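Presented below is the structure to which this report refers.
Read the numbers this way: they start at 1 and go in the same order the structure lists the ligands and their atoms. These numbers come from a predicted model, not from an experiment.
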Amino acid sequence: MENCVFCKIAAGEIPSAKVYEDGEMLVFRDIEPKAKIHLLCVPKEHFATLAELTPARTALVGRMLETIASHKDEWGLKDGYRLVVNQGENAGQTVHHLHIHVLGGETLGW
Ligand code: AMP
Ligand code: ZN
């Protein structure tokens, strides 16, 4: 989608510190980390929120969770991590392209 920063990252038009990529998702470091390790797991397909899930997208989100779980040690998250998915204005969602925040690398406060 035009003017979407995560679509531009997925298309390689904006640089990112990628830690994982396959045909349907991308994982890269958040530019303003809120924890020692702060990654964003993003589907390559543009959709804004979980309200737009279809059966195929639901399966993709499942694969995103599975990918995070299977790479946790490699990404420095073996002692645990937190997933956050901001949805809409009250949650402070600033990028309207679905993304899972992956936070860890230290003991997290609430
Ligand atoms: P949210 O507030 O849930 O929409 O989170 C959006 C996140 O994207 C924020 O944590 C930003 O720091 C992050 N972000 C925005 N632009 C970039 C970028 N170009 N590269 C990496 N992370 C970004
Ligand atoms: Zn997008």
Sub-4.5 Å side-chain heavy-atom contact between Val102 and Leu83 = yes
List for me each residue that meets side chain to side chain contact (heavy atoms under 4.5 Å, CB included) alongside Thr67, sequence neighbours excluded, and say none if there are none.
-> Tyr20, Met25, His71, Trp75
Within-4.5 Å side-chain heavy-atom neighbours: Val42 and Val27 = no
Could you list the residues that satisfy salt bridge (Lys or Arg N to Asp or Glu O under 4.0 Å) with Lys8, not counting sequence neighbours?
-> none
Atom 8 (O) of ligand 1: which protein heavy atom is closest, and how many Å away?
-> Phe6 CZ, 3.5 Å
Could you tell me which atoms of ligand 1, counted from 1 in the order shown, lie closer than 4.0 angstrom to a heavy atom of Val5?
-> 19 (N)
Distance below 2.8 Å from the Zn ion (ligand 2): protein N/O/S atoms | Cys4 SG, Cys7 SG, His46 ND1, His97 ND1
Counting from 1, what ligand 1 atoms have a heavy atom of Asn86 closer than 4.0 Å?
-> 1 (P), 2 (O), 3 (O)
Looking at His99 versus His101, is the centre-to-centre ring distance below 6.0 Å?
-> yes
Please tell me if the side chains of Asn86 and Val95 come closer than 4.5 Å, counting only heavy atoms from C-beta onward.
-> no
At a 4.0 Å threshold, what atoms of ligand 1 neighbour a non-hydrogen atom of Glu32?
-> 12 (O)
The atoms of ligand 1 lying under 4.0 Å from a heavy atom of Gly92, numbered in the order shown, are 2 (O)
How does Val84 reach ligand 1, by side chain, by backbone, by both or by neither, if only non-hydrogen atoms under 4.0 Å count?
-> neither
Under 3.5 Å: donor-acceptor pair, side chain of His97, backbone of Met1 | no
For the side chain of Glu106 and the backbone of Lys36, is there at least one donor-acceptor N/O pair under 3.5 Å apart?
-> yes
Say whether His38, considering both its backbone and side-chain N or O atoms, lies within less than 3.5 Å of an N or O atom on ligand 1.
-> no
Ligand 1 and His99, any nitrogen or oxygen pair closer than 3.5 angstrom?
-> yes
Atom 4 (O) of ligand 1: which protein heavy atom is closest, and how many Å away?
-> Thr94 N, 2.7 Å
Using the test side chain to side chain contact (heavy atoms under 4.5 Å, CB included), find all partners of Lys78 that sit at least two apart in sequence or belong to another chain.
-> Asp73
Validation row: Ile68, Tyr81 side chains within 4.5 angstrom (heavy atoms) = yes
Run the contact test for Ile9 against ligand 1 with a 4.0 Å cut-off on heavy atoms, strictly below, and give the result.
-> yes
Identify, by atom number and element, the atoms of ligand 1 in contact range of Lys34, meaning under 4.0 Å from any of its heavy atoms.
-> 10 (O), 12 (O)
Between Glu66 and Arg63, is there a side-chain N and carboxylate O pair less than 4.0 Å apart?
-> no
May I ask you to check whether over 12 heavy atoms, not counting those of Arg29, lie within 6.0 Å of atom CZ?
-> no
Does any N/O atom on Leu40 come nearer than 3.5 Å to any N/O atom on ligand 1?
-> no
Sub-4.5 Å side-chain heavy-atom contact between Leu40 and His38 | yes
Is there a nitrogen or oxygen of Ile31 sitting under 3.5 Å from a nitrogen or oxygen of ligand 1?
-> yes
Numbering as shown, the atoms of ligand 1 that approach His101 to under 4.0 Å (heavy-atom distance) = 1 (P), 3 (O), 5 (O), 7 (C), 10 (O)
Specify side chain, backbone, both or neither for Val95, according to which of its non-hydrogen atoms lie closer than 4.0 Å to ligand 1.
-> both
Within reach of ligand 1, part of Arg29 (heavy-atom separation under 4.0 Å) | backbone
Counting heavy atoms only, which part of Asp30 comes closer than 4.0 Å to ligand 1: side chain, backbone, both or neither?
-> both
Side chains of Ile9 and Phe28 in contact at under 4.5 Å (non-hydrogen atoms) | yes
